[in-house]
Number of protein chains: 2
Amino acid sequence: MLNGIKPIAAKSMAERVEASLREYFAKENFKPGDPLPTELELAAALGVSRNVVREALSRFKMLGIIETKKKTGMVISNPDIMGTFEKVLTPEIIDESTLQDLFELRLVLEMGIADLLFIHKTPQDIAELEDIVARETKGDNFRINNEIAFHGKLYQMTGNETMKRFQTLLLPVFGYVMKLENKQYVSGRTTHKDLVRILKKGTVQEFKDGMASHLQPHLDRLRQTK
Amino acid sequence: MLNGIKPIAAKSMAERVEASLREYFAKENFKPGDPLPTELELAAALGVSRNVVREALSRFKMLGIIETKKKTGMVISNPDIMGTFEKVLTPEIIDESTLQDLFELRLVLEMGIADLLFIHKTPQDIAELEDIVARETKGDNFRINNEIAFHGKLYQMTGNETMKRFQTLLLPVFGYVMKLENKQYVSGRTTHKDLVRILKKGTVQEFKDGMASHLQPHLDRLRQTK
DNA sequence: TACTTTTAATATGTAGAACATAACTACTAA
DNA sequence: TTAGTAGTTATGTTCTACATATTAAAAGTA
């Protein structure tokens, strides 16, 4: 009956100003270092108070898209995207469905980094991994730390800083989901030790199979709850 | 000479208030739906003006961590993490090194989703993929669209909404990096058609090999610029 | 002239007051 | 009981004022 009718300007001024500024940045093709108009100029151009403009600008400052200096004014800058991710990724307030998705995302990354590992691996890396594996104990408390150390090292080996940081952010999610489901950190037939051996002397294909086998319990669970 | 000396409160009030509120939310173990103190109460408690508090709150509103209603006040809510990601992921202002990292990230995801695909695939999915492949033409303009349609369908098949949205966000990055390097969308020996066939009748291992072969040109490039 | 010091101008940072507006509450009248 | 009305409250928005850092111009000195 009321299709096609939508509320007019339900959003706050700050929100709309944020959107306007986004459009403006894109249209002007701003690059890092480019100067922006002053707050008062923006306020006048948008027909809102300086206060509202500042609320919108504050958002961009948080994202790292804008930097400011007194007197000099504001300039566009490179945002730190993983830093931003960190600001929202608090497992406690994220809905379970999204947490499950992120859990899967971690598994997918884990399955997919084999090629990068074989491209970037060095003897030092292997030595470090062997060291980590050697330190593995049977104690339950240490178990998780070893998990983190081992898999974290793998991500670090990719030489991809963004991916490494992403993995670090996903760690709490992983722990949270495990806790939610009262699951333990179980490994498949293939152990960390096996994986290191393959990484040292084996082939990419063998490593992919090994990792799949290592993560099998998690994949099985997905298959069940499909 | 001046080691150990660090500037006092170099950051703005809004930034510090943001940090304080973060701590506060964590310490109080707030969950979605929980009410927050009023702006004036927060301002008084923090010893800053309501203005500054609003700038900090505006940031949380953007992230979706806080929602507000007049008179009722503010409540914690589930943030939309991919929505937030979207707000920072503008390739034009992100530094090249991060873009390269994201490019690799996409490849890693692509390599890693095989297991999820075999868990969730349905006859309808296969039929759609066959449809997409059938529509592929030799025209260069259509080539990119087919790439997007094909790989996008794969992500959608995972049933992982977060991953699908993530991939959609990475698409512009992919395009941007290709443009930067004057590269073309080249495929390896294994074509989309081959992949669909394997997905229909083959095994997970075959599919993984096929995908690796399909993405081989990109991996080769990484190997070179290692 | 060259160089240092002072002064002024300017854009952001912070504070405070005021009023608008939506929404909840309680009271009142039919 | 119910409908309507008035009052209260927390956010939304605007305006003014002043602090502060930093650049640029002006003035003074060798």
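If you're wondering where the values come from, they're calculated on a predicted model, not measured in any experiment. We name chains A, B, ... by the order of the sequence lines, and we start the count at 1 in each one.
Applying a 4.0 Å cut-off to non-hydrogen atoms, none of the residues of residues 25-34 of chain B approaches DNA chain C.
Between B/Arg54 atom CZ and D/dA10 atom C1' the separation is 10 Å, expressed in whole Å. The CZ-C1' distance, from A/Arg16 to D/dG12, rounds to 11 Å in whole Å. Between the C1' atom of C/dT12 and the CG atom of A/Leu57 lies a distance of 10 Å, rounded to the nearest Å. Note: CD1 (A/Ile66) to C1' (C/dG13) measures 15 Å, nearest angstrom. Rounded to an integer number of Å, the gap from NZ of A/Lys61 to P of C/dT12 is 8 Å.
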Table of protein N/O atoms under 3.5 Å from nucleotides 14-17 of chain D N/O atoms:
from	atom 1	to	atom 2	distance (Å)
D/dT14	OP2	A/Ser49	N	3.0
D/dT14	OP2	A/Ser49	OG	3.2
D/dC15	N4	A/Asn51	ND2	2.9

Polar pairs (N or O, both sides) under 3.5 Å between protein and nucleotides 5-11 of chain C?
from	atom 1	to	atom 2	distance (Å)
C/dT10	O4'	A/Lys71	NZ	3.1
C/dA11	O4'	A/Lys71	O	3.1

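In this structure, the separation between CD1 on A/Ile119 and CE on A/Met157 is 12.0 Å, given to the nearest 0.5 Å. Distance check, rounded to the nearest 0.5 Å: CG of A/Leu129 to CG of A/Leu199 gives 6.5 Å.
Pairs passing the ring pair (Phe, Tyr, Trp, His ring centres under 6.0 Å) check and including a residue from residues 36-64 of chain B, sequence neighbours excluded, read B/Phe25-B/Phe60. Sorted by first then second residue, the salt bridge (charged side-chain N to carboxylate O under 4.0 Å, His left out) pairs that include residues 151-170 of chain B, not counting sequence neighbours, are B/Asp80-B/Arg165, B/Asp125-B/Lys153, B/Glu128-B/Lys153. For residues 67-111 of chain B, the ring pair (Phe, Tyr, Trp, His ring centres under 6.0 Å) pairs, not counting sequence neighbours, are A/Phe85-B/Phe85, B/Phe85-B/Phe166, B/Phe103-B/Phe174, B/Phe103-B/His218. For residues 103-115 of chain B, the pairs satisfying side chain to side chain donor-acceptor pair (under 3.5 Å) are A/Asn160-B/Glu104, B/Arg106-B/Glu110, B/Glu110-B/His151, B/Glu110-B/Tyr155, B/Asp115-B/Lys208, with sequence neighbours left out. Applying the side chain to side chain donor-acceptor pair (under 3.5 Å) definition to pairs two or more places apart or across chains, those involving residues 44-64 of chain B are A/Asn51-B/Asn51, A/Arg54-B/Glu55, A/Glu55-B/Arg54, A/Ser58-B/Arg59, A/Arg59-B/Ser58, B/Glu18-B/Arg59, B/Glu39-B/Arg50, B/Glu39-B/Arg54.
Note that the two end axes of the helix from C/dT1-D/dA30 to C/dA30-D/dT1 enclose an angle of 20°, each drawn from 5 base pairs, rounded to 10 degrees.
Residue A/Lys69 qualifies as open at atom NZ: its count of foreign heavy atoms under 6.0 Å is 12 or below.
Here the closest non-hydrogen pair linking B/Asn146 and B/His192 is O-CE1, 4.3 Å.
Partners of A/Glu96 according to the side-chain hydrogen bond (donor to acceptor under 3.5 Å, both in side chains) rule, which considers only residues two or more places apart in sequence or in another chain, do not exist here. Residues satisfying the side-chain hydrogen bond (donor to acceptor under 3.5 Å, both in side chains) test with B/Gln216, not counting sequence neighbours, are B/Asp220. Under the side-chain contact (heavy atoms from CB on, under 4.5 Å) criterion, B/Pro217 pairs with B/Val186, not counting sequence neighbours.
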(request) Before giving the answer on side-chain contact (heavy atoms from CB on, under 4.5 Å), spell out for A/Phe118 and A/Lys121 the whole-Å C-alpha distance, their side-chain angles and the decisive distance to 0.1 Å. (result) CA-CA 6 Å; A/Phe118 274 79; A/Lys121 66 174 179 179; 3.7 Å; yes
